[in-house]
Amino acid sequence: MADKYEILQDLMRRRGFAWGSFEIYGGTRGFYDYGPLGATIKRKIEQKIREAFQREGFFELETPDITPEKVFIASGHVDKFVDPLVECRKCGARFRADHLVEEALGIDTEGMSADHLTRLIREHDIKCPECGGELSDVWYFNLMFETKIGPYGDQKGYLRPETAQGIFVNFRRLNAFARNKLPFGVFQIGKAYRNEISPRQGMLRLREFTQAEAEIFFNPKETEHPHFDEVKDEVLRLYPIENQLKNLGEIEMTAEEAVKKGYIMNTFFAYYMVMVKRVLLDIGIPESAIRFRQQLPEERAHYSSDTWDVEIHSERFGWVECVGIAYRGDYDLSKHMKMSGADLTVLIHYDEPKIVKRLVVSLNMKRVGPKLKGDAKRINELIQSWDEEKLRNLVDVLERDGRITIEGYELEKDDFIIKEVEEKITGEKIVPHVLEPSFGIDRPFYLLLENSLVIEDDRTYLRLKKDMAPIEVAVLPLVAKEPLKSIAYEVFRKLQKAGFIAVYDEKDTIGRRYIRYDEIGTPYCVTIDNQTPEDGTVTIRDRDTREQVRVKIEELPEKLRELIFGE
Ligand SMILES: Nc1ncnc2c1ncn2[C@@H]1O[C@H](COP(=O)(O)OP(=O)(O)OP(=O)(O)O)[C@@H](O)[C@H]1O
């Protein structure tokens, strides 16, 4: 018998969910098309995430996929967004060197250098899995797709490998929009592109995929989430670093306990872990198939100092990372500030002004004038530009040695006017820190279908959460005869106008039609039978229980809304 994966792949292709792209030209690995039913479910997933972000008060943003090189030099992607690659010297096939070594030796290769991987390949005589040929040395390959901007090709660009950078480079405007008040969140739902070396596992590793990322900017001194109380009792299934290293398995505890025991760094982080879990439940992923795995230090992206992956269980592929929740610190904003020169800080106002002592140092122009001549003004300005630390250092040297050399001029203590003044400060500028929940859409899409697939003796069907179904209701005349046909068509139009995704179908026996709609996850079929012309009632059949209830046609929209959306 075909396994669940194959049954699902067949169903996805045959019934219009998703399939490999460019089929008629032989296909290109790493690209998937969403068919009519798949595209509808994908939009519903995106919409659930959008609504969850909006409930947090986050702003939505839309920025270009094509991005000039500078942005990714600043973000570190040009240097660091790389995977180890190896080539067969005989057949030319290329492979992820770390995957090859992992498969051959059963060891973990995270974070290994190219040299280390080459050494392991040589020592263990690992050969090309395609033809058995000799393998080359390992080198690092950048995963970004390159492109040229403009007709002269002089400006290099990349297709973005994550949607996040579009948010960071807009920080100044977004901060003004948020009226300079932390914390605030900004999200973007859009395409990301990675030239994955070996796309595999169906739609789990694509070269073009959709992400929904939120960047939450906060003051690192304020890491208590104001609404943590609302979520503190949610139970999380955690797989922390320590438990992975010591093979201790997963642990379950409430979000509050996890923070208290130090598994999760603060309530701010924990709050968004709960939010992600609730979104996945809302999409219809079963609770038993969700866990949080803390990334090992060597797995983390270059910008992150702590990351929890939210994994969904697959019968075929085991635990699959679907969402990453990364603590990005001030990495991105600081890098962009340095590269662009833009001020990406936020002014934090103190509750009460602070009095601070500040050194004011200048040259005693009357004394130094003759000595420094034309340079006096310049050197005085240079000293004015020094920060507190540098000025303290100057004063320390003068106290100790009585003299100091600046720009080749030897100056004595009396050449300076040194004062300490008190200043009232109302706030300070900080570079905010960032917490990022980053959802992939395609992986949860596949795992939703896999986790919803039910194989019974007489039918195979998608037990999708009802509001996630791509067709919400099928309207079926019992037989394709009048007056049933006309009444059924009228009911269908009524439901369409009421906002349901509905279809009308009169082909085949009623039993076959039920099976057809069960298969694609349609939660309810409405049947117009011989009793309908007599008393204006129809039946509603439930996909999961196959039970039917009779309702009046006028009550149908309200009843279905209640059944499907719980409204
Ligand atoms: N090649 C891909 N195909 C489909 N979805 C992807 C791919 N790469 C990343 N994603 C999705 O985007 C989310 C966030 O991206 P992130 O950069 O954290 O992934 P990642 O850790 O690089 O993934 P992986 O380790 O599997 O390559 C992932 O959790 C996943 O759902």
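Read the numbers this way: they start at 1 and go in the same order the structure lists the ligands and their atoms.
Among all protein heavy atoms, the one lying closest to atom 26 (O) of ligand 1 is R205 NH2, 2.9 Å. Of the protein's heavy atoms, L204 O, 3.4 Å lies nearest to atom 4 (C) of ligand 1. Given atom 10 (N) of ligand 1, the protein heavy atom at minimum distance is F209 CE1, 3.4 Å. Atom 30 (C) of ligand 1 has R443 NH1, 3.7 Å as its closest protein atom, hydrogens excluded (heavy atom only). Taking atom 11 (C) of ligand 1 as the reference point, the nearest protein heavy-atom neighbour is G440 CA, 3.7 Å. Looking only at heavy atoms of the protein, atom 14 (C) of ligand 1 is closest to S438 OG, 3.1 Å. Shortest contact from atom 28 (C) of ligand 1 to any protein heavy atom: E321 OE2, 3.3 Å.
Using a non-hydrogen distance threshold of 4.0 Å, I441 does not register as a contact of ligand 1.
The aromatic rings of H77 and F72 lie perpendicular to each other, with more than 60° between the two planes, well past the 30° mark. Taking the six-membered ring where tryptophan is involved, the planes of F268 and F218 are tilted, since the angle between them lies from 30° to 60°.
Atoms of ligand 1 found under 4.0 Å from any heavy atom of R194 (numbered from 1 in listed order, with element): 8 (N), 9 (C), 15 (O), 16 (P), 17 (O), 19 (O), 20 (P), 22 (O). Counting the atoms of ligand 1 from 1 in the order shown, those under 4.0 Å from a heavy atom of L206 are 1 (N), 2 (C), 3 (N), 4 (C). Listed by atom number, the atoms of ligand 1 under 4.0 Å from Q211 heavy atoms are 12 (O), 14 (C), 15 (O). In summary, the atoms of ligand 1 found under 4.0 Å from a heavy atom of V323, numbered by their order in the structure, are 29 (O).
In summary, K48 and D467 engage in a salt bridge, as defined by a charged side-chain N under 4.0 Å from a carboxylate O. Under 4.0 Å is where a charged nitrogen must lie from a carboxylate oxygen, and between D83 and R96 at least one such pair does.
In this structure, the ring of Y193 has its center no less than 6.0 angstrom from the ring center of F209.
With no hydrogens or angles considered, a side-chain donor-acceptor pair links Y271 and E56 at under 3.5 Å. Side-chain contact check for Q165 and R160: no donor-acceptor pair (N or O, by modelled atom type) lies under 3.5 Å.
Within the 4.0 Å heavy-atom criterion, neither part of D442 lies near ligand 1. When non-hydrogen atoms are compared, ligand 1 lies under 4.0 Å from neither the backbone nor the side chain of D309. Under 4.0 angstrom from ligand 1, there are no non-hydrogen atoms of R207. Only backbone heavy atoms of C322 (N, CA, C or O) come within less than 4.0 Å of ligand 1; its side chain stays farther off.
To the nearest 0.5 angstrom, I197 atom CD1 is 9.0 Å from R207 atom CZ.
Nearest heavy-atom pair, A469 versus L464, reported as atom, atom and distance to 0.1 Å: CA-CD1, 4.0 Å.
Geometric assessment of R316 against the ring of Y5 yields a positive cation-pi assignment under the 6.0 Å and 45° thresholds.
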